[in-house]
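In what follows, residues are counted from 1 in the order of the sequence shown.
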Amino acid sequence: MKFYTEAAYLVAWILLAFGTAMQSHGGFGMSTIVTPAYVAYSYISQFAPFFSFGTAEYVMQAIVLLTMMLIVKRLRPSYLFSLPVAIIYGFVLDGAVAVVSLLPTGIVARIIIYLVGILLCCAGVAMLFNCYLPLASHELIVKEIAAKFSLPVHKVKIAYDVTCLAIAVIASLLLFGRLVGIGVGTVFGAFAYGPIIRLFQRVYEKLFKFEDGLLKLQKH
């Protein structure tokens, strides 16, 4: 079945937003790259209720984007497209959090919701791999640093994930005196994401034929 990459791009971000919201609702720990934003949101929102999870996420992605440009010492116009994508995603994430908050909060329900959240996030990431449109800062920094220093992408990805987790752990302990947004699910996700994403990629290859609908946009 034909699936235009532009439509896949939108679907992927919606899947990621609801997957992240469901992991938050489950309460067993966020994915490693989300933990710094979640800690920031948990702390700042106590004093500034308007500072939402979505706001924390796009602020964090802006910081990551700036950090990446300083490391690679390069500014490309294409990099700047990642920022509006992050802002739009932040609003979608806030909407997803509002919807998911209506779901049950019993322990069994939260376990199921959390696991579904992981699947949705993996499905979204696997779908993004088939799109030419701008990557999020989290993926872009891995890609650009690997290219800049001729390093294996998977090793840069591991280093980035560990860095995000370390920042979140330190920030949690300093701000709360305990771990926030980090739990058994974070550890499980660190090992499970890769294989599950690869599984979804194989499923997509069998189900869809990804094609670019806007060829002129793709060239840019």
Fill in: Distance, nearest 0.5 Å, that separates NZ of Lys206 from CZ of Arg202
8.0 Å
Worksheet item: Is it the case that one hydrophobic cluster holds both Phe18 and Leu10, taking links as side-chain heavy atoms less than 4.5 Å apart, direct or via other members?
Response: no
Worksheet entry | Heavy-atom closest contact (Leu83 atom, Ala62 atom, distance) | CD1-CB, 3.7 Å
Discussion item. Strictly distance-based, threshold 3.5 Å: is any side-chain N or O of Thr186 a donor or acceptor partner for the main-chain N or O of Met30?
Written reply: yes
Worksheet entry | Non-hydrogen atoms of Gly29 and Gln23 that approach each other most closely | O-OE1, 3.9 Å
Practice prompt. Establish whether Leu102 and Val108 are linked, either directly or via other cluster members, by ILVMFWY side-chain heavy-atom contacts under 4.5 Å.
Written response: no
Discussion item. Do Glu205 and Gln201 pair up side chain to side chain, a donor and an acceptor below 3.5 Å, judged on atom types alone?
Written reply: no
Discussion item. Hydrophobic clustering (ILVMFWY, side-chain heavy atoms < 4.5 Å, transitive) - are Leu151 and Val64 grouped together?
Written reply: yes
Worksheet item: Roughly how far, to the nearest 0.5 Å, is the OG atom of Ser52 from the CD1 atom of Ile44?
Response: 11.0 Å
Practice prompt. Without swapping roles, check the side chain of Thr5 against the backbone of Ala8 for a donor-acceptor pair under 3.5 Å.
Written response: no
Worksheet item: From Ile170 CD1 over to Leu175 CG, what is the distance, rounded to the nearest 0.5 angstrom?
Response: 11.5 Å
Worksheet item: Minimum heavy-atom separation for Ala126 to Phe200, with atom names?
Response: CB-CB, 3.7 Å
Fill in: Exercise: do Tyr79 and Glu144 side chains pair donor with acceptor under 3.5 Å
yes
Worksheet item: Within a strict 4.5 Å, meaning less than it, do heavy atoms of the Phe3 and Leu207 side chains meet?
Response: no
Worksheet entry | Joint hydrophobic cluster, Tyr193 plus Ile182, side-chain heavy atoms closer than 4.5 Å | no
Worksheet entry | Test log, rule side chain to side chain contact (heavy atoms under 4.5 Å, CB included), inputs Met68 and Leu140 | CA-CA 8 Å; Met68 181 204 73; Leu140 189 61; 3.8 Å; yes
Practice prompt. To the nearest 0.5 Å, tell me how far Met69 CE sits from Ile141 CD1.
Written response: 10.5 Å
Worksheet item: For the residue pair Val116 and Met22, what are the closest heavy atoms and their distance?
Response: CG1-CE, 3.5 Å
Worksheet item: What's the spacing between Leu65 CG and Leu70 CG if we round to 0.5 Å?
Response: 10.0 Å
Fill in: Pairs touching residues 35-45 that satisfy side-chain hydrogen bond (donor to acceptor under 3.5 Å, both in side chains), sequence neighbours left out
none
Fill in: Flag, side chain of Asp161 to backbone of Thr32, donor-acceptor distance under 3.5 Å
no
Worksheet item: Between Val97 and Ser24, does a side chain to side chain contact (heavy atoms under 4.5 Å, CB included) hold up when you go through it step by step?
Response: CA-CA 8 Å; Val97 169; Ser24 176; 5.6 Å; no
Worksheet item: Say you draw a straight line from CG of Leu115 to CD1 of Ile118; how long is it, rounded to the nearest 0.5 Å?
Response: 5.5 Å
Worksheet item: How far apart are the C-alpha atoms of Phe176 and Val39, what are their side-chain angles, what is the distance that settles it, and do they pass the side chain to side chain contact (heavy atoms under 4.5 Å, CB included) test?
Response: CA-CA 9 Å; Phe176 297 97; Val39 172; 4.3 Å; yes
Worksheet item: What is the minimum heavy-atom distance between Ile33 and Pro36, and which atoms define it?
Response: O-CD, 3.7 Å
Fill in: side chain to side chain contact (heavy atoms under 4.5 Å, CB included) assessment of Thr55 paired with Phe50
CA-CA 9 Å; Thr55 303; Phe50 61 85; over 6 Å; no
Practice prompt. Determine, using the 4.5 Å side-chain heavy-atom cutoff (strictly less than), whether Val99 and Ile88 are members of one ILVMFWY cluster.
Written response: no
Worksheet item: In terms of the angle between their ring planes, are Tyr204 and Phe210 parallel, tilted or perpendicular, with boundaries placed at 30° and 60°?
Response: perpendicular
Discussion item. Among residues at least two apart in sequence or on other chains, which ones pass side-chain contact (heavy atoms from CB on, under 4.5 Å) with Ala12?
Written reply: Met127, Leu128
Worksheet item: Looking at Leu16 and Cys121, what are the two nearest heavy atoms and their distance?
Response: CD2-O, 3.5 Å
Discussion item. Taking side-chain hydrogen bond (donor to acceptor under 3.5 Å, both in side chains) as the cut-off, I'd like each qualifying pair that reaches into residues 102-116, sequence neighbours left out, listed once.
Written reply: none
Practice prompt. May I ask you to test the Asn130-Phe208 pair for a side-chain heavy-atom distance under 4.5 Å?
Written response: no
Item to complete: Check the surroundings of atom CZ in Phe188: do more than 12 heavy atoms from other residues, nucleotides or ligands lie under 6.0 Å from it?
Response: no
Fill in: Validation row: Thr20, Tyr89 side chains within 4.5 angstrom (heavy atoms)
yes
